Amino acid sequence: MPISIKGNPVQTRKQITVFLENKPGRLARILSELAHQKINIVALTVMDRHEHGVLRLVTDDEALTVKVIQASNLTCTESDVLAVELKNQPGALAHVCETLAAEHISIEYAYCSSGGRNGKVFGIFKVANLEKAQKVLATPTNSRKTERRTLRDQRVYKKA
């Protein structure tokens with residue numbers, strides 16, 4: 001059941017992680033298979049390692065995504081992540097990170113989708129304590145007693 005932070009949906013989703021050989025076309029092949037099955041990718045990230053790439057993705061049909069990956073003779077793992085719908089504007093992602101930090105919730109990693117419908121994007125968060133993060137993000141801002149961190153640019157610019 002979706003919960004919200006200032007009216008924006010926050011959901012627990014299954015993230016699928018796939019290890020791909022670092023060879024041309026491996027990523028294209030799996031993404032083409034997902035497209036062929038009409039699976040929409042909500043967000044993804046690809047990280048490079050020496051021997052392989054690590055593909056992490058959230059889709060609109062996790063079960064079918066796993067079947068497609070396994071049918072391609074690839075192994076995958078699933079993990080729970082938070083998918084937070086954000087406004088596509090400066091500070092939206094920072095606000096979520098600040099809210100979690102204020103409650104001492106560690107973010108193991110995060111990535112975002114590109115612009116979506118109605119100017120919304122999804123922030124995908126792998127957090128140390130999923131249940132606590134959901135509760136914190138579901139609590140209205142004015143009822144939380146947290147310290148709001150001010151983001152400041154520490155650089156000093158001088159005229160030449």
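Note that this is a predicted model, so its numbers are computed, not measured.
- Within 6.0 Å of the CD atom in E108, the count of heavy atoms belonging to other residues, nucleotides or ligands exceeds 12.
- Listed by chain and number, the residues in a salt bridge (charged side-chain N to carboxylate O under 4.0 Å, His left out) with E78 amount to none (sequence neighbours excluded).
- The main-chain N or O of G53 is found under 3.5 Å from a side-chain atom of N22 such that the two form a donor-acceptor pair.
- One N or O on the side chain of D60 and one on the backbone of N40 form a donor-acceptor pair closer than 3.5 Å.
- Residues I16 and L27 share a hydrophobic cluster, clusters being chains of Ile/Leu/Val/Met/Phe/Trp/Tyr side chains in contact below 4.5 Å.
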(Q) For a side chain to side chain contact (heavy atoms under 4.5 Å, CB included) check, start with the C-alpha distance between R56 and L44, then their side-chain angles and the critical distance, and finish with the verdict. (A) CA-CA 6 Å; R56 288 185 172 127; L44 73 79; over 6 Å; no
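- A 4.5 Å side-chain heavy-atom check between T12 and Q134 finds at least one atom pair inside the cut-off.
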Q: Check step by step if salt bridge (Lys or Arg N to Asp or Glu O under 4.0 Å) holds for D80 and K14.
A: CA-CA 5 Å; D80 290 328; K14 289 290 184 190; 2.8 Å; yes
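- At a threshold of 4.5 Å between non-hydrogen side-chain atoms, the residues L55 and T45 do not count as touching.
- Among the candidates I105, L100, L137, V127, the single residue satisfying the side chain to side chain contact (heavy atoms under 4.5 Å, CB included) test with K132 is I105.
- The CG atom of L130 sits 12.5 Å away from atom CZ of F125, with the distance rounded to the nearest 0.5 Å.
- Cluster partners of I124, by chain and number: V42, V58, V81, Y109, Y111, F122. The rule joins Ile, Leu, Val, Met, Phe, Trp and Tyr whenever side-chain heavy atoms lie under 4.5 Å apart.
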Please list every donor-acceptor pair under 3.5 Å in which a side-chain atom of residues 64-76 meets a protein atom from a residue at least two apart or in another chain.
from	atom 1	to	atom 2	distance (Å)
T65	OG1	T59	OG1	2.7
T65	OG1	D61	O	2.7
S72	OG	V68	O	3.0

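- E131 places a side-chain heavy atom less than 4.5 Å from the side chain of N129.
- Cluster annotation: F19 and I30 are assigned to distinct hydrophobic clusters (Ile/Leu/Val/Met/Phe/Trp/Tyr, side-chain heavy-atom contacts under 4.5 Å, transitive).
- Put simply, the side chain of V18 does not reach to within 4.5 Å of the side chain of V54, judged on heavy atoms.
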